[in-house]
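Input: a single structure, listed below in structure tokens.
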4 protein chains.
Amino acid sequence: MKIIRFLLILACSCNGASAALAQTTAIVGGSVIDGTGAPPQPNAIILIDGKKIVAIGKQGAINVPAGAKVIDASGKYIIPGLIDTNIHLFLTPAIDQAWLGKYEGRFEEIAAEAAQLALKSGLTTVFDSWGPLQPLLNARDGIRRGELVGSRLYVAGNIVGLSGPLGRDFQSGIQQATVSPAFAKRINKIWEENVGPDLLDKTPEEVRTEIRKYIGRGVDFIKFAESSHNLQAAKNNWLMFSPDAAKAIVEEGHKAGITVQTHTSNIESLRLAVLAGIDMAQHPAILGEREMPDSLVRLLVDRGVYCGVLSKTKKRIEIEKEGWRDTGGKGTSRSPEALDHWQGNIVKLIRAGARITLATDQGPDDPKFSYSVSPRLREDEPTRMGEGQFLWLESIVEKGMSPMDAIVAATRNGAAAYHHLSEFGTLEGGKYADLLVLDANPLENISNARKISLVMKEGAVIDRDRLPEKKILTQ
Amino acid sequence: MKIIRFLLILACSCNGASAALAQTTAIVGGSVIDGTGAPPQPNAIILIDGKKIVAIGKQGAINVPAGAKVIDASGKYIIPGLIDTNIHLFLTPAIDQAWLGKYEGRFEEIAAEAAQLALKSGLTTVFDSWGPLQPLLNARDGIRRGELVGSRLYVAGNIVGLSGPLGRDFQSGIQQATVSPAFAKRINKIWEENVGPDLLDKTPEEVRTEIRKYIGRGVDFIKFAESSHNLQAAKNNWLMFSPDAAKAIVEEGHKAGITVQTHTSNIESLRLAVLAGIDMAQHPAILGEREMPDSLVRLLVDRGVYCGVLSKTKKRIEIEKEGWRDTGGKGTSRSPEALDHWQGNIVKLIRAGARITLATDQGPDDPKFSYSVSPRLREDEPTRMGEGQFLWLESIVEKGMSPMDAIVAATRNGAAAYHHLSEFGTLEGGKYADLLVLDANPLENISNARKISLVMKEGAVIDRDRLPEKKILTQ
Amino acid sequence: MKIIRFLLILACSCNGASAALAQTTAIVGGSVIDGTGAPPQPNAIILIDGKKIVAIGKQGAINVPAGAKVIDASGKYIIPGLIDTNIHLFLTPAIDQAWLGKYEGRFEEIAAEAAQLALKSGLTTVFDSWGPLQPLLNARDGIRRGELVGSRLYVAGNIVGLSGPLGRDFQSGIQQATVSPAFAKRINKIWEENVGPDLLDKTPEEVRTEIRKYIGRGVDFIKFAESSHNLQAAKNNWLMFSPDAAKAIVEEGHKAGITVQTHTSNIESLRLAVLAGIDMAQHPAILGEREMPDSLVRLLVDRGVYCGVLSKTKKRIEIEKEGWRDTGGKGTSRSPEALDHWQGNIVKLIRAGARITLATDQGPDDPKFSYSVSPRLREDEPTRMGEGQFLWLESIVEKGMSPMDAIVAATRNGAAAYHHLSEFGTLEGGKYADLLVLDANPLENISNARKISLVMKEGAVIDRDRLPEKKILTQ
Amino acid sequence: MKIIRFLLILACSCNGASAALAQTTAIVGGSVIDGTGAPPQPNAIILIDGKKIVAIGKQGAINVPAGAKVIDASGKYIIPGLIDTNIHLFLTPAIDQAWLGKYEGRFEEIAAEAAQLALKSGLTTVFDSWGPLQPLLNARDGIRRGELVGSRLYVAGNIVGLSGPLGRDFQSGIQQATVSPAFAKRINKIWEENVGPDLLDKTPEEVRTEIRKYIGRGVDFIKFAESSHNLQAAKNNWLMFSPDAAKAIVEEGHKAGITVQTHTSNIESLRLAVLAGIDMAQHPAILGEREMPDSLVRLLVDRGVYCGVLSKTKKRIEIEKEGWRDTGGKGTSRSPEALDHWQGNIVKLIRAGARITLATDQGPDDPKFSYSVSPRLREDEPTRMGEGQFLWLESIVEKGMSPMDAIVAATRNGAAAYHHLSEFGTLEGGKYADLLVLDANPLENISNARKISLVMKEGAVIDRDRLPEKKILTQ
């Protein structure tokens with residue numbers, strides 16, 4: 001047995017092709033926090049054959065085969081790769097006409113770059129719940145085929161029922177007034193495909209037909225809007241789909257064996273969504289300026305709906321409240337009341353035992369197209385790509401969740417929400433070797449999740465310094 | 001018996017107070033089209049005692065008491081006073097910040113003036129389905145108490161769920177950006193009372209409570225938005241209330257014994273509204289760019305829902321299509337497809353035997369605050385106060401309704417829709433003497449409805465030249 | 001001789017009519033700072049006959065006639081009434097469509113109210129350098145005729161060459177897009193009369209003709225724009241009038257014997273204005289983000305141009321810089337560089353011995369139409385009516401001017417700038433008895449100018465508690 | 001002598017490199033209209049050696065050398081290549097954020113494509129009077145060096161004093177509000193270099209320094225704004241530069257030996273520009289809604305100022321007036337009065353004998369970014385690339401200019417205005433062989449200028465079917 005110390009694996013060995021050589025790797029001596037909620041296992045060996053974990057056990061109990069590559073993890077902590085259940089590889093603060101004009105035809109490259117930024121920061125799996133479908137599918141498939149390093153990517157495409165980024169649901173009236181119609185139509189079509197706002201004028205059976213067609217495009221899951229996406233107001237959103245139409249969407253998703261989830265932003269839309277049979281609710285804690293009724297908390301818990309909660313740190317909440325005061329409530333920021341209820345509703349969900357998942361809404365920046373904002377508003381920004389997952393863990397622990405539960409939420413639960421727990425999400429034999437080696441114990445201080453010394457995806461050590469490989473937004 | 005010819009009654013005799021003297025009046029020699037659909041009765045006598053009709057019959061069959069005032073109607077045609085089931089005493093094209101600033105505190109006077117313009121043009125009863133509640137109630141009560149001449153007025157106040165006129169539902173993003181928040185809030189509150197957009201964030205039971213409270217404010221009927229009111233798009237409107245919330249609204253209205261109706265603009269919202277139990281649908285033919293499904297036509301007919309259809313003349317449709325072409329589809333005008341489906345859906349409803357009522361959306365002008373538009377767009381404008389009802393009659397006959405049915409729709413049906421048929425709507429004994437004496441036969445040419453030689457409301461001849469008594473917008 | 005203490009004079013005695021009784025008043029025992037820059041005269045007697053000062057001298061040196069009303073000012077300080085050389089009775093932060101709609105037809109009443117607020121706060125004379133001409137003339141004449149209490153008022157009407165308040169020079173593109181043209185035209189006309197933006201397309205001789213006509217309207221002085229008034233930028237303003245046109249304006253003003261002044265905001269426009277022969281420059285220190293060249297400082301000094309400088313306190317400058325940072329430079333606020341140069345240029349003018357006058361741009365508030373701003377931005381706000389003159393005095397002393405010079409600038413220089421020094425501006429025999437009795441010495445601390453115990457205008461003690469008499473904006 | 005008929009020259013022979021082989025070409029048998037105003041010369045021979053004309057004379061009087069390439073032009077008409085003195089290779093109707101984002105970094109390619117579209121339509125020389133400097137210089141130099149086929153190109157870069165395309169001078173407030181500052185700044189800088197709006201805050205000497213620096217960047221001529229460029233108004237434009245600053249600009253241009261011209265839009269700015277010593281005035285006939293005073297006409301004629309007039313056909317004027325009426329004067333279109341004065345002022349200039357040049361403001365289209373406009377507004381559109389020069393010729397003849405003078409204006413005068421008459425502009429020995437062979441006589445009907453059978457630039461026959469070589473906007 002040849003002990004080697006931490007080794008920078010060459011780029012070519014990162015992708016699936018090289019992993020296909022089925023090299024055996026042993027990670028030796030670390031404390032394993034396996035994502036199931038079980039107590040940490042100190043001095044463990046994780047034995048990996050090719051992409052998958054073969055066995056995990058105490059040192060001595062497991063035999064490391066001769067010729068195996070050995071990674072010394074003594075004094076370190078190993079957790080499953082993080083899973084962000086609500087990411088947008090495309091949602092930059094700069095997403096406006098000029099930006100879209102600039103990158104038209106290159107959306108796939110941007111998705112690839114963002115998937116690499118995600119992987120670099122410890123996210124081995126991400127679920128993109130809003131973006132341009134075909135470019136995202138292309139990036140997803142490139143990663144799947146091993147042609148591209150990047151987070152394992154699952155794609156919803158459009159939020160069913162919403163317009164594209166230059167349409168009414170993402171732009172104020174002022175901005176819409178300045179778009180050339182030919183360009184706006186072309187861009188919006190990339191997002192909307194056949195599931196844009198026109199669905200609102202359709203009957204439930206017509207909606208069903210479109211969903212079936214959309215699933216046929218190859219999406220991994222369905223997200224539909226049950227509340228409108230009103231950029232200019234944090235409250236009083238409209239409803240989107242009638243119960244019959246919502247049920248048709250859910251049924252078609254389930255027939256295809258995929259998770260169906262919703263965008264909602266008030267009590268009644270969330271209730272209708274749950275009654276329609278959704279598997280997962282994105283940001284269920286956002287309910288205008290309202291507290292979540294206990295009956296609704298119970299409904300979510302009883303039906304086992306996964307809750308992708310967007311959680312902010314206390315510091316961030318303070319900053320946003322200051323911003324509200326400084327500007328007299330201008331802009332799209334939420335009122336202090338809305339913020340307090342939002343975060344308070346997360347606490348209610350945690351206490352009631354809801355199934356929580358890490359969900360951040362994070363996406364990449366493009367400084368070349370920056371909007372000037374005060375530096376203060378860039379602190380603890382939960383949607384900043386590569387930072388969101390750590391802020392989420394910190395904020396969720398602030399809200400009373402134990403670090404162990406926080407890790408389960410950020411790993412196992414995400415996989416379970418999307419029906420992929422048999423493949424990844426915990427460190428168990430037979431699953432993909434997606435894991436992070438940390439320099440310090442995250443159970444002692446959840447911020448230690450930031451201290452990543454190694455990211456492994458499907459058995460391959462990721463050369464994080466090389467990511468992103470092709471710099472576009474990060475140029 | 002003293003025969004007197006057409007007589008200008010003095011102002012003091014127009015109002016209820018003088019009618020209380022219970023003078024007997026006989027309208028003699030005209031052809032009576034009584035609004036029930038029955039064939040015209042030539043050479044008839046209408047005997048009126050005070051405010052009400054005592055008897056109608058052939059000359060000779062009815063005795064005109066000595067001392068009765070006799071109105072010679074020989075060669076003329078008598079129809080019931082017209083009933084507009086969808087009017088807005090307040091909806092001027094000029095309704096913007098400056099206009100609202102100008103008239104703040106004088107809304108009641110504007111409502112009174114508009115009710116007089118309506119009466120002057122033959123509308124003896126109007127149902128105001130959107131406006132500032134308290135000012136409208138004041139105008140209504142002044143007319144009821146006989147302190148004010150004007151159309152008999154029934155008031156809904158706000159469209160439940162919508163913002164006031166300076167809020168999101170009636171102003172584009174551009175306009176909202178320029179309103180001083182203090183003023184906008186104050187004005188919006190006058191419309192919204194407790195049934196504005198905040199209802200969207202409430203539970204069905206909370207909605208019920210607010211509706212009950214709102215009914216307690218003294219409204220005559222309830223109109224709620226089941227589609228959003230999206231000024232910037234003729235299609236893809238959002239839903240407003242969940243089925244449970246909609247049912248709560250309908251139930252509370254019915255408990256209070258009043259008509260409940262909806263604003264809808266697409267297929268699914270109209271279907272939900274009907275299923276929620278509404279009595280009446282405003283503009284059910286407007287369904288984005290869609291044809292009304294036969295199943296929905298049947299549902300409306302089977303449930304006996306009254307349909308206040310907004311009908312445009314062929315000439316108007318051509319003008320609006322031209323406008324669309326000339327401007328490349330700018331502004332809020334509807335696409336040629338939307339216009340064709342809208343008008344075509346009215347034809348479908350007529351053919352299926354739906355209960356149609358005259359409904360115009362008409363309101364007064366204020367030239368002092370005019371927006372420059374091409375003169376072409378002022379032709380056959382269906383929402384121009386005093387003109388709308390005639391254009392409606394002409395357009396509905398163009399669509400294949402018989403002139404007799406058109407008159408029934410514009411009189412009897414309106415009263416029936418609002419549960420007032422026992423009081424007015426047809427010319428029958430025991431009902432209010434609300435009627436128009438026409439110079440030519442409307443059954444031969446529906447445009448003859450324009451040839452009004454006399455308007456009587458509650459037995460009193462209206463001195464139309466004196467209306468409006470207090471000129472505000474018409475100044 | 002009957003000594004009476006401070007006496008509340010009845011309202012009827014405040015106006016010119018009662019003063020016409022030519023009562024003799026003696027203010028006895030105070031220290032007189034007469035506005036000429038001469039050292040204070042302690043224990044003085046000011047003898048007033050009717051509206052005018054008869055004599056000022058040491059106690060003992062002047063005989064107080066029997067029957068004279070005596071005001072005991074011992075321990076107090078007397079300065080001339082303050083003169084604001086740049087005020088806008090009409091410039092409220094709320095000046096938008098709704099506000100203008102609200103008060104259309106009542107502009108004269110607003111002007112009257114504001115002139116009373118001004119007098120109440122110690123301004124016995126104000127020069128309104130932008131506002132609706134006819135309403136301001138009416139208010140002015142009402143005050144002159146003694147029908148109305150208020151600051152002595154001089155009126156320029158429009159800034160020659162600029163649009164009215166709903167035109168391009170005072171509204172952003174966004175706001176202009178939402179005005180009904182009929183209303184905007186009507187309102188703008190009240191300001192523009194014949195000297196609006198159309199002048200820019202005229203020849204110098206045509207401009208001359210219009211100016212002559214405008215002077216014939218009864219204005220007291222002429223202010224013309226030599227820089228554009230670009231609401232959206234603090235720099236890079238355009239030029240307005242060619243040298244020939246500017247000269248024509250100045251010549252016509254001088255022929256009529258009135259002061260001609262300018263609005264400018266950069267170096268070249270100020271230079272052109274001075275070369276054209278102006279008597280006074282409003283806010284000459286505002287030069288985009290530039291320091292005033294020494295040559296321009298010299299030109300102003302050599303030509304004896306009066307400089308109405310808008311001076312801000314250090315605290316205010318800090319607040320505005322913070323606001324700039326907090327919002328990333330959004331809005332119309334000026335950059336830190338612009339602010340620093342602006343205030344620095346005032347220092348340069350002071351040091352070079354330029355003729356400085358109190359000028360504030362202050363105007364009234366209307367809380368009924370408030371725009372929400374952070375409370376921080378309401379502190380030390382130099383344009384807040386009744387507060388501006390004190391902040392100006394404090395800020396100008398902060399910049400190195402002596403309290404004595406500050407008082408001269410705020411009294412004598414204003415009268416001199418407008419050719420009225422023979423009537424008022426200093427406390428000297430033969431001039432109007434416009435004066436303030438202060439409780440503490442303003443030469444020790446300029447903030448003591450705030451401690452007003454009595455305001456006298458034209459010999460009449462003002463009952464400040466009664467002002468404003470007719471509450472409109474202050475309602 | 002070998003007679004060959006019309007020959008498609010291969011691409012490689014079009015550029016200067018191949019022309020350097022100094023092949024002799026003879027164009028034989030056509031009627032030559034040489035651009036000097038001289039009567040046509042029938043049956044002429046044009047003898048060309050390499051890039052230049054050697055001789056022109058009657059058949060028989062000139063010897064065609066053996067081995068010369070002979071082009072048979074019998075029955076045809078030959079005029080000098082057309083010269084557009086006001087073109088914008090970059091001014092597409094689509095120039096907005098998205099478009100600029102799309103092509104950022106590729107501006108040079110767009111300029112090249114447009115220069116090829118120009119050449120294809122008979123413009124052998126164009127003067128680009130507004131565009132992004134460096135990309136245009138690159139395109140110019142590529143053409144000069146013979147690396148690229150295209151119109152001979154002269155470049156002004158920015159209009160001195162104006163902002164870039166995303167700045168205030170080219171975008172409404174609404175559009176500016178939606179630009180990301182980082183992008184806008186980057187794009188604007190490409191246009192503005194050191195001669196943007198900041199010049200307005202500079203002294204004449206500082207302006208002089210910047211102009212000198214800008215000339216050092218390699219511009220071929222200087223265009224400065226003496227009127228502002230106010231997108232939202234056709235009248236009441238501001239002034240830009242004081243007389244001293246304007247003189248400084250002109251002097252620096254003249255020191256460098258280049259033409260100085262202006263953008264103006266009212267009487268006074270044009271007068272100031274002429275007095276400052278400009279060589280050429282762009283669109284001098286545009287004077288708001290004013291007729292040009294006779295004194296100004298005389299000034300232009302006496303000083304020999306070249307006038308690049310933008311002339312519209314009668315049909316176009318009618319269309320624009322209709323558009324004004326249809327939309328109630330919305331948008332940026334000009335009032336009927338403005339249009340009439342504009343075109344009438346051109347007639348005044350023609351009659352007074354002013355030096356007129358072909359000037360169109362034309363630029364390319366990009367259908368991928370089209371703004372929907374009514375098809376009617378695309379008819380006789382004078383700024384449509386490749387069409388503008390023919391509409392100009394037709395419209396100028398409509399205004400009373402003889403076809404012969406129109407051809408002189410479109411050829412000789414353009415070269416003279418820019419001091420290049422010794423090189424091109426007429427068909428004379430020693431000048432570049434820039435010419436068009438037409439199938440019909442333009443003196444009989446100026447529309448025959450459209451019937452181009454051959455374009456020759458610098459002696460090389462242009463293969464028009466191959467242009468543009470690299471399709472970008474025309475894709």
Side-chain angles (χ1 to χ4, degrees), chain A residues 161-163 167-169 171-178 181 196-207 225-246 265-269 271-273 275 287-290 293 295-296 328-330 338 341, chain B residues 161-163 167-169 171-178 181 196-207 225-246 265-269 271-273 275 287-290 293 295-296 328-330 338 341:
Chain A
L162 296 190
S163 75
R168 68 180 187 186
D169 297 318
Q171 300 283 328
S172 74
I174 292 174
Q175 286 171 292
Q176 279 181 272
T178 68
D198 279 351
L199 287 193
L200 296 183
D201 284 346
K202 294 195 183 297
T203 66
E205 278 315 298
E206 289 169 339
V207 169
E226 186 57 26
S227 287
S228 66
H229 189 270
N230 183 0
L231 255 200
Q232 288 170 305
K235 58 178 187 169
N236 303 155
N237 276 282
W238 296 278
L239 290 179
M240 295 287 293
F241 291 103
S242 73
D244 287 347
S265 49
N266 57 24
I267 292 172
E268 198 64 354
S269 62
R271 191 176 70 89
L272 290 185
L275 294 178
L287 298 171
E289 296 178 340
R290 304 294 310 267
S295 59
L296 189 49
K330 295 259 174 58
H341 280 303
Chain B
L162 296 190
S163 76
R168 69 177 186 186
D169 296 318
Q171 300 283 328
S172 74
I174 292 175
Q175 286 170 293
Q176 279 180 274
T178 69
D198 278 350
L199 288 194
L200 295 183
D201 284 345
K202 294 196 182 297
T203 65
E205 278 314 299
E206 290 169 338
V207 169
E226 185 56 28
S227 286
S228 66
H229 189 271
N230 184 359
L231 256 200
Q232 289 170 305
K235 58 178 187 170
N236 304 338
N237 276 283
W238 296 277
L239 290 180
M240 296 286 293
F241 292 103
S242 73
D244 287 347
S265 49
N266 57 26
I267 292 172
E268 198 63 355
S269 63
R271 191 176 72 89
L272 290 185
L275 294 178
L287 297 171
E289 296 178 340
R290 304 293 311 265
S295 59
L296 188 48
K330 295 261 173 58
H341 281 303

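Order of the sequence lines sets the chain letters (A, B, ...), proteins ahead of strands, with each chain counted from 1.
Taking each heavy atom of Arg168(B) and Lys235(A) in turn, the nearest pair found is NH1-O, 4.0 Å. Contact detail for Asn236(A) and Asp201(B): the closest heavy-atom pair is N-OD2, 2.9 Å. Contact between Leu239(B) and Phe241(A) at its shortest, heavy atoms only, is CD1-C, 3.6 Å.
Using a 4.5 Å cut-off on side-chain heavy atoms (C-beta onward), Glu268(B) and Lys202(A) make no contact.
With respect to chain B, the highest number of heavy-atom pairs below 4.5 Å among Pro293(A), Gly288(A), Pro197(A), Ser228(A) belongs to Pro197(A). Among the candidates Asn266(B), Ile267(B), Asn230(B), the residue making the largest number of heavy-atom pairs closer than 4.5 Å to chain A is Asn266(B). Of the residues considered (Asp244(B), Leu287(B), Leu199(B), Leu296(B)), Asp244(B) shows the highest number of contacts with chain A, using heavy-atom pairs under 4.5 Å.
Using a 4.5 Å cut-off between heavy atoms, Asn237(A) contacts chain B through its backbone alone, with no side-chain atom that close. Residue Glu226(A) does not touch chain B at all, counting heavy-atom pairs closer than 4.5 Å.
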